[in-house]
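Heads up: the structure comes next, in structure tokens.
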2 protein chains.
Amino acid sequence: MLTDRQMMILRMIVDNYVISAEPVGSRTISKQTDLGLSAATIRNEMADLEELGYLEQPHASAGRIPSQMGYRFYVDHLLMGDTRLSGQEITRIKSLFTERIGEMERVAQQTALFLSNLTQYTAVVLGPQVYDTTLKNLQLVALNDHTAVLLMVASSGQVYNRTVSMPEGVSLREMESLVRILNARLSGTPMYRIRSRALEEITHEVARHMRDYEEAVHLLDQVVTWLESDKEGKVYLGGATNMLLQPEFRDVHKAQPVLTWLERHHDVMEALRSDESTLQLQVRIGGENDVQSLHDCSLVTATYTIGGLPVGVIGLIGPTRMDYARVIPLLGHLSKGLSDLLTKFYVN
Amino acid sequence: MLTDRQMMILRMIVDNYVISAEPVGSRTISKQTDLGLSAATIRNEMADLEELGYLEQPHASAGRIPSQMGYRFYVDHLLMGDTRLSGQEITRIKSLFTERIGEMERVAQQTALFLSNLTQYTAVVLGPQVYDTTLKNLQLVALNDHTAVLLMVASSGQVYNRTVSMPEGVSLREMESLVRILNARLSGTPMYRIRSRALEEITHEVARHMRDYEEAVHLLDQVVTWLESDKEGKVYLGGATNMLLQPEFRDVHKAQPVLTWLERHHDVMEALRSDESTLQLQVRIGGENDVQSLHDCSLVTATYTIGGLPVGVIGLIGPTRMDYARVIPLLGHLSKGLSDLLTKFYVN
DNA sequence: TGTTAGCACTCGATCGCATCGAGTGCTAAC
DNA sequence: GTTAGCACTCGATGCGATCGAGTGCTAACA
């Protein structure tokens, strides 16, 4: 176990390194501390901390930097109740969510921008994806003789749309009655059960309204498949290029993998979804990330909820040398605000 | 005016530099040409071309690179009918647009990815924005007692949605009749005329169906404002990080402004919209770009159309040392394919 | 036993300097 | 008009000297 003094030194080293991005020397700590310890004493402690695995030395004559384990200890034990957000910042966060909700799309995007602007890191927001959502309504709007738009509204308020071209031999009227039947029979059905219910209960009824049985079944199948298909939430990025501001990514070859990974929204989603748990806040430091490209990064995520159910994730990606003391409470407040807003709207 | 030989040399220099990204020397050209000219002769011609402004010398003892003017001449006069796409590539482009259209969103995104993968540059796609589009249909789907989703389908097939919270004192039924009236009176109206027509013709009728006149007018105003509000097309990027692959952007400080600019979708849109003209293809080389951040880049854009009307833009951004000979016909084919697909769907 | 001053040592960063070589411009000859 | 020859330029590369921040170790001190 670490002594109080060691903890204090570790903490100071992290705090310093987070700001300066340069190895921290014993003299620096000695001057900042008010315990009146000399650099030599600090040096001894630092050597011990290194031996214990909390610190590293880039090269023999340099200062120390925190190891992954050092950051982990810092986050887990040295940050208790240490909120470095100014009161001003907290009110600013709150005010972000007072306005109308409008389009969820916009809320997510703005949250990402807000986060990245405030932190100089890269923000990631996973749009809400409600698992126990039900089908609310289906609409067909004809554009012309052979094309129509199929609209689907989920109970969570999400809207999905798809342009369909009418199959040969199916009239608009037939299509409309198909949709009417689906609406009557399926609204209220959980999304994941749509397919089975549709095939069990409705095939025959649909077929009755259409001349071509084969075509009817085929069409129904297509529509239903789409309805149930994975409507994976979207990924919203903010400040991806902030990555380039960080000294550790000044070299293009360091930055490239991360930025490229960020471009593959599907992978990003997968990585973040896995953190979407009842655990409100997750911190993954360096190698703790499963994703290879993030081994030099830290990922801090918070889950937001609707009516207590986790539906999405907001997060920040930066170098392992991240300002955890600011980032963690920031994400906490923000996810709280977002959850409250969404709950107010969509629960009742 | 340039002699044939000068043109040929200029052309070879551009072709070489595009590939190697290194200044081209006289010996290189001399060996590649089959006219049997010595390096010295080439050198004389190169000196002339430089004096005329078509070439530049990074420093005294280096080879030549094309100037902005050189690229311009190359694009305008040396590229006639020079299609360097393989037959395979052309069929691949065509096959990209044979499938169902599904969601326009996806088509745009995939086009961007396809373009960036094929070229190693950054692709930009401006989602379709139809100016003379009309209102097709309006739908209100209630989610619960105080929240509903308002859907709008435009004649171009685009779908816009917005979550609205019911104002105090307005019942769902009132809201529904408002939407019914709007549908009856406004469908078929050009988007830009919605506001004036609504205010002129409908206010009274709406008020008749609602208890609170003030509230009715206010609500109508809100909805109508949203309907007419600028539904600006979205921007889809592909391969933004490809920028970092280019030697000229190996230095983070060179790449950062461009990537940051690309993140501001609104600015990107503005820049590309201005190229959306009857002119099918636009090439903006280096300083020809109005945007300061693109002064070291070239932007090649092609307009795509629906039924002959320009509605969107696809483009590629790369270093001025861009492979115009490939990029230009590529964008040509792609915009053609996209136009055909969209026209087939949405015109009738 | 913990703390500290002193000191030799390490090692990256920076600078100057020599070298190398691709490529040029110029001149004179063909 | 073309070309061979040649001196010259200038970035790139490599090497060694120097500098300095920071260390580890030792010995003295409280």
Side-chain angles (χ1 to χ4, degrees), chain A residues 1-10 12-14 16-17 19-67 70 247-248 250-251 254, chain B residues 1-10 12-14 16-17 19-67 70 247-248 250-251 254:
Chain A
M1 201 45 210
L2 298 185
T3 65
D4 281 357
R5 200 168 71 181
Q6 284 174 322
M7 288 202 242
M8 185 180 162
I9 292 173
L10 175 55
M12 292 190 84
I13 290 176
V14 175
N16 270 280
Y17 186 59
I19 298 171
S20 70
E22 306 224 317
V24 183
S26 53
R27 249 178 69 87
T28 315
I29 301 296
S30 162
K31 269 190 291 184
Q32 276 179 27
T33 195
D34 43 359
L35 298 180
L37 292 173
S38 79
T41 311
I42 307 288
R43 266 203 299 280
N44 289 329
E45 296 283 32
M46 280 163 113
D48 290 350
L49 281 169
E50 182 172 1
E51 208 167 328
L52 290 168
Y54 295 100
L55 294 180
E56 281 170 2
Q57 218 173 359
H59 58 89
S61 72
R64 300 304 207 294
I65 62 175
S67 67
E248 30 271 277
R250 207 82 65 79
D251 178 7
K254 288 266 185 254
Chain B
M1 202 47 209
L2 298 185
T3 66
D4 282 357
R5 201 168 70 182
Q6 284 174 321
M7 288 200 244
M8 184 178 163
I9 292 173
L10 175 55
M12 294 188 83
I13 290 176
V14 174
N16 271 279
Y17 186 60
I19 298 170
S20 69
E22 305 222 320
V24 184
S26 54
R27 248 177 71 84
T28 316
I29 301 295
S30 162
K31 270 190 290 186
Q32 276 180 28
T33 194
D34 43 359
L35 296 180
L37 291 175
S38 80
T41 311
I42 307 287
R43 267 204 297 282
N44 289 329
E45 296 284 32
M46 281 165 114
D48 290 349
L49 282 168
E50 183 174 359
E51 206 167 330
L52 290 167
Y54 295 100
L55 294 180
E56 281 170 0
Q57 219 172 358
H59 59 90
S61 72
R64 300 304 206 293
I65 63 175
S67 66
E248 29 271 276
R250 207 80 66 77
D251 178 7
K254 287 268 185 252

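Side-chain atoms are counted along with the backbone in the values below, which use heavy atoms only and exclude waters and symmetry mates.
- Although no hydrogens or angles enter the test, the distance criterion places a donor-acceptor pair under 3.5 Å between the side chain of A:Ser30 and the main chain of A:Leu37.
- Contact of B:Ser61 with D:dT9 (side chain to base): a donor-acceptor pair of N or O atoms is detected under 3.5 Å.
- Each of D:dT2, D:dT3, D:dG24 was ranked by its minimum atom distance to the side chain of B:Asn44; first place goes to D:dT3.
- Taking atom CD1 on B:Ile9 and atom P on D:dT2, their separation rounds to 10 Å, with Å as the unit.
- Here D:dT23 is the nucleotide among D:dT3, C:dT10, D:dT23 with the atom lying nearest to any side-chain atom of A:Ser26.
- Listed nucleotides: D:dT3, D:dT2, C:dT4. Nearest to the side chain of A:Leu37: C:dT4.
- Separating the CZ atom of A:Arg5 from the P atom of C:dT1 is a distance of 16 Å, rounded to the nearest angstrom.
- Side-chain proximity of B:Gln57 to the nucleotides D:dG24, C:dG25, C:dT4 is greatest for C:dG25.
- Counting to the nearest Å, the P atom of D:dG5 and the CZ atom of B:Arg27 are 13 Å from each other.
- Nucleotide D:dT13: paired with C:dA18 (Watson-Crick or G-U wobble, both distances less than 3.5 Å).
- Searching all strands for a Watson-Crick or G-U wobble partner of D:dA4 with both distances below 3.5 Å returns C:dT27.
- Under 3.5 Å, the side chains of B:Glu22 and B:Asn16 contain no donor-acceptor pair of N or O atoms.
- Following rounding to the nearest Å, B:Glu45 (CD) and C:dC26 (P) show an atom-to-atom distance of 15 Å.
- Of the two residues contacting DNA chain D, namely B:Ala60 and B:Arg43, the nearest-nucleotide position lying further toward the 5' end is that of B:Arg43.
- When the P atom of D:dT23 is taken as reference, atom NE2 of A:His59 falls 10 Å away, rounded to whole Å.
- The residues B:Lys254 and B:Glu248 are annotated as not salt-bridged, no charged nitrogen and carboxylate oxygen being separated by less than 4.0 angstrom.
- Minimum heavy-atom separation, A:Pro66 to A:Val14: CG-CG2, 3.7 Å.
- The separation between A:Ile65 atom CD1 and D:dG22 atom C1' is 15 Å, rounded to whole Å.
- In this structure, the nucleotide among C:dA5, D:dC10, D:dT23 sitting nearest to the side chain of A:Ser38 is C:dA5.
- Atom NZ in B:Lys31 sits about 16 Å away from atom P in D:dT3, given to the nearest Å.
- Side chain of A:Ser67 to backbone of A:Glu56: no donor-acceptor contact under 3.5 angstrom is found.
- For A:Ile29 and C:dT3, the CD1 to C1' distance is 18 Å, given to the nearest whole Å.
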